[in-house]
Every structure is written in structure tokens, then in C-alpha cells.
Colleague: 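Before I ask anything, here is the structure I am working with.
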Amino acid sequence: MKPVLHLESLSFAWPGSTPLVQIEQLQLSAGEHLFIQGPSGSGKTTLLNLISGLQSGFTGTVELAGQSLAGLSTRALDRFRADHIGMLFQQFNLLPYLNLIDNVCLPCTLSRKRRAAASRDGRSVEQEAERLLTRLQLDPSLFRQRRVAELSIGQQQRVAAARALIGHPALIIADEPTSALDATSRDLFMRLLFEELEQNDSTLLMVSHDPALASHFPRQLHLGEQSSC
């Protein structure tokens, strides 16, 4: 079985600068979880953008779900990303004028593959969104009555997590997903996240400055020097 993620001889540099990201080799199989650490400016977010196809201009190999990202058109990258990647952004990128359910269901409107996966157990896509939001301990009375702009930062973060998880994407990419949570809420969030990932054999790639999260991960990558994992 091919790995979910395969990087080899990956290098990226901004014009006129030394390489910011250098990865000799990295492979992640279905269900594996990797924690990425490094000081500010070490290329953590750039690496996530390279893996998700949001940043071009690299040399080497970036393969996701058996597909090389090099040479794909912008439109093909958009389709591929919608099908295979759940994105949990540091700034959430929720649509403020939509309610919680509509925000969570959005990936399934963009991807037939994720729409089919979300409803594979006989639930509708909206019912799966409700299940995920409930699992992440959001009050059901909020689901349709509130726009996400009316939620607290911590609540918005959990809506963003549900949106990333819906439709069982092969890879979840998370950039500082617990930055707005206190220690108790952070640990609960991580436990619930891993339970959902385990159910669907999804792979997690997480970046964070919070060293307390490292203990949740059997594999870690420290950026700032040429790396192999």
C-alpha cells in the first residue's frame, strides 16, 4: 500500500534566499500522526503549504495519496485538495455569515468524494456535521441559530476542526489548532480528535508551538535543519 504522504529530496527557497525547507525523506501511512516543531521562521507553515499544494516552486517529490503534486494545474490541485485534505487553519477561515452546520458541510459541497464518505453510514451530510459538532462539545442549540461570527474563539476553533474532519479525508493538516484553548480544553480536544481519526484511519500532520502537545505524538519532526523522518 502506498503511503498517504511521501516527501523526498524536498527543498524550497524564496528567490535570492537560502533554502527554508529541506526534507530528505518523510513518509506517513494511513492512521499515522506527525507533530512538527521548530522556532518561528523555520518553515513550518511553508511546509504545510507545500504539502497541501498551496505553495509551488519546490524541487523534489511531494506525493499525497499516490498522486504527485508537481505539474498539476491550479484547478486540478483545488479538486485534489478538496477530496483528500482536511485543513485546520490557525485563523480558522470560517465563513462568518454562515451558521455552524453550513460551515462544517462546506467541504462536502466542493467534493463528491467527501460528500459520499460523510453519508456512508446512512446519515445525511448535515447529520454527520451535527455528530461531529456534538462530539467536539458544542451546544446543539447553536448549530443553526448562530452565525460563526457570534461564537467565541474556542468555539470557532472546534467548528473548524469539525469542518476539517467531515468526509473522512486521508490527511488532516492542522496549523496551531489549540492556540485558543486552555490546558483542560486542549487535552479534551486532542483526545476527541484522535478518537475521530482512529475511527477513519486518517493521517494527521500538526504544527504547534505548544510543547505539551508533543506527548500525544509517536513521531515528531524538528525543522531548522535538514530532516528525515
Colleague: To the nearest 0.5 Å, how far apart are CD1 in Ile85 and CD1 in Ile51?
Modeller: 8.5 Å
Colleague: Look at the rings of Trp14 and Phe12 and say which category their plane angle falls in: under 30° parallel, 30 to 60° tilted, over 60° perpendicular.
Modeller: perpendicular
Colleague: In terms of the angle between their ring planes, are His33 and Phe217 parallel, tilted or perpendicular, with boundaries placed at 30° and 60°?
Modeller: perpendicular
Colleague: Could you walk me through whether Leu193 and Leu204 pass the side chain to side chain contact (heavy atoms under 4.5 Å, CB included) check?
Modeller: CA-CA 10 Å; Leu193 176 63; Leu204 174 64; 4.1 Å; yes
Colleague: If we ignore angles and hydrogens, is there a donor and acceptor under 3.5 Å between the side chains of Thr184 and Asp182?
Modeller: no
Colleague: Which residue is it: Arg158, Arg191, Arg135? I am looking for the one with a salt bridge (Lys or Arg N to Asp or Glu O under 4.0 Å) to Glu196.
Modeller: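 With Glu196 as partner, Arg158, Arg191, Arg135 yield a single salt bridge (Lys or Arg N to Asp or Glu O under 4.0 Å), made by Arg135.
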Colleague: Throw together a table of side-chain donor-acceptor distances under 3.5 angstrom for residues 54-73, partners on residues two or more places apart or in other chains.
Modeller:
unit_1, atom_1, unit_2, atom_2, d
Ser68, OG, Ala70, N, 3.4
Ser73, OG, Ala76, N, 3.0

Colleague: Are Asp83 and Arg114 within salt-bridge range, i.e. N to O under 4.0 Å?
Modeller: no
Colleague: For Gln145, does the CD atom sit with more than 12 other heavy atoms under 6.0 Å from it, leaving out its own atoms?
Modeller: no
Colleague: When you check the gap from the basic side-chain N to the acidic O, do Arg75 and Asp78 get nearer than 4.0 Å?
Modeller: no
Colleague: Using only atom types and a distance under 3.5 Å, with no angle test, would you say the side chain of Ser17 pairs donor to acceptor with the backbone of Ala13?
Modeller: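 Not at all, since once roles are kept as given, no pair shorter than 3.5 Å links the two residues.
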Colleague: Which pair of heavy atoms, one from Arg163 and one from Asn93, lies closest together, and at what distance?
Modeller: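 For Arg163 versus Asn93, the nearest heavy atoms are NH1-O, 2.9 Å.
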Colleague: Could you list the donor-acceptor pairs under 3.5 angstrom formed between side-chain atoms of residues 146-153 and any protein atom two or more places apart in sequence or on another chain?
Modeller:
unit_1, atom_1, unit_2, atom_2, d
Glu150, OE1, Arg147, N, 3.0
Ser152, OG, Gln155, N, 3.2
Ser152, OG, Gln155, OE1, 3.3

Colleague: Can you tell me if Glu32 and Thr203 form a side-chain donor-acceptor pair at under 3.5 Å?
Modeller: no
Colleague: Does atom CZ (Arg123) have a neighbourhood of more than 12 heavy atoms from anything else shown, all under 6.0 Å?
Modeller: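 Yes, because the 6.0 Å sphere around CZ of Arg123 holds more than 12 heavy atoms from other groups.
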Colleague: Looking only at non-hydrogen atoms, find the nearest pair between Asn103 and Leu95 and report the distance.
Modeller: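 Closest heavy-atom pair between Asn103 and Leu95: OD1-N, 2.8 Å.
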